[in-house]
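First comes the structure, then the notes that go with it.
On a predicted model such as this, the values are computed, not experimentally measured, just so you know.
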Amino acid sequence: QVQLVESGGGLVQAGGSLRLSCAASGRTGSAYAMGWFRQAPGKEREFVAAISWGGGRTSYADSVKGRFTISRDNAKNTVYLQMNSLKPEDTAVYYCAADLSYWGSAQEAYKYNYWGQGTQVTVSS
């Protein structure tokens, strides 16, 4: 089994920053894709960002381009999401996800095999 644990969420004012971490354990091998998704109450789960095994490929939702940066440290089995210039509409539970087989369709939630429990991000106006 693969375990994913998110951390770093909290309450910030609009314009502030947070860095989320996702620590992986178990038989992760070299995950082909690691993604961040978010979900607000009453809304669909939304893609945020993804990164490939070697870090050479990244993908971002249009809503976060220029503000969020995804990165990974393979030695620490950790993926990060640096969030700057936060807006109230960024408020959601943020989830880390892993696909151990393919990079393709990195923006699709159904693709991912493993999910963390989520961490709450709240941005006040």
Do [X] and [Y] touch side chain to side chain, with heavy atoms closer than 4.5 Å?
X      : Y     : value
Glu6   : Leu20 : no
Gln120 : Leu11 : no
Phe68  : Leu18 : no
Asn113 : Val2  : no

Restricting to side-chain contact (heavy atoms from CB on, under 4.5 Å), what partner residues turn up for [X], sequence neighbours left out?
X     : result
Thr58 : Ile51, Tyr60, Ile70
Ser17 : Gln82, Asn84
Ala23 : Thr78
Ser71 : Tyr80

Notebook entry, point to check: Tell me, which pairs form a side chain to side chain donor-acceptor pair (under 3.5 Å) where one or both residues lie in residues 33-43, sequence neighbours left out?
Noted result: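 Listed by first then second residue: Arg38-Glu46, Arg38-Asp90, Arg38-Tyr94.
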Atom of [X], atom of [Y] and distance for their closest heavy-atom approach:
X      : Y      : result
Ser52  : Gly56  : OG-N, 3.3 Å
Ala14  : Ser125 : CB-CA, 4.5 Å
Lys111 : Gly104 : NZ-O, 2.7 Å
Ala109 : Arg45  : CB-CD, 4.1 Å

Is it true that a side-chain atom of [X] and a backbone atom of [Y] form a donor plus acceptor pair closer than 3.5 Å?
X      : Y     : result
Arg57  : Ala33 : no
Thr119 : Gly9  : yes
Arg67  : Ser85 : yes

Connected via hydrophobic side-chain network under 4.5 Å: [X] and [Y]:
X     : Y      : value
Met34 : Trp103 : no
Val93 : Phe47  : yes
Met83 : Tyr95  : no

Notebook entry, point to check: Taking atom OG of Ser7 and atom CZ of Arg19, what is their separation to the nearest 0.5 Å?
Noted result: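 Rounded to the nearest 0.5 Å, the OG-CZ separation comes out at 8.5 Å.
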Check: Taking atom SG of Cys22 and atom CZ of Arg72, what is their separation to the nearest 0.5 Å?
Finding: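 Interatomic distance, Cys22 SG to Arg72 CZ, rounded to 0.5 Å: 9.5 Å.
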Check: Do any pairs count as a ring pair (Phe, Tyr, Trp, His ring centres under 6.0 Å) and have a residue in residues 106-125, sequence neighbours left out, and if so which ones?
Finding: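 Sorted pair list: Phe37-Tyr112, Phe37-Trp115.
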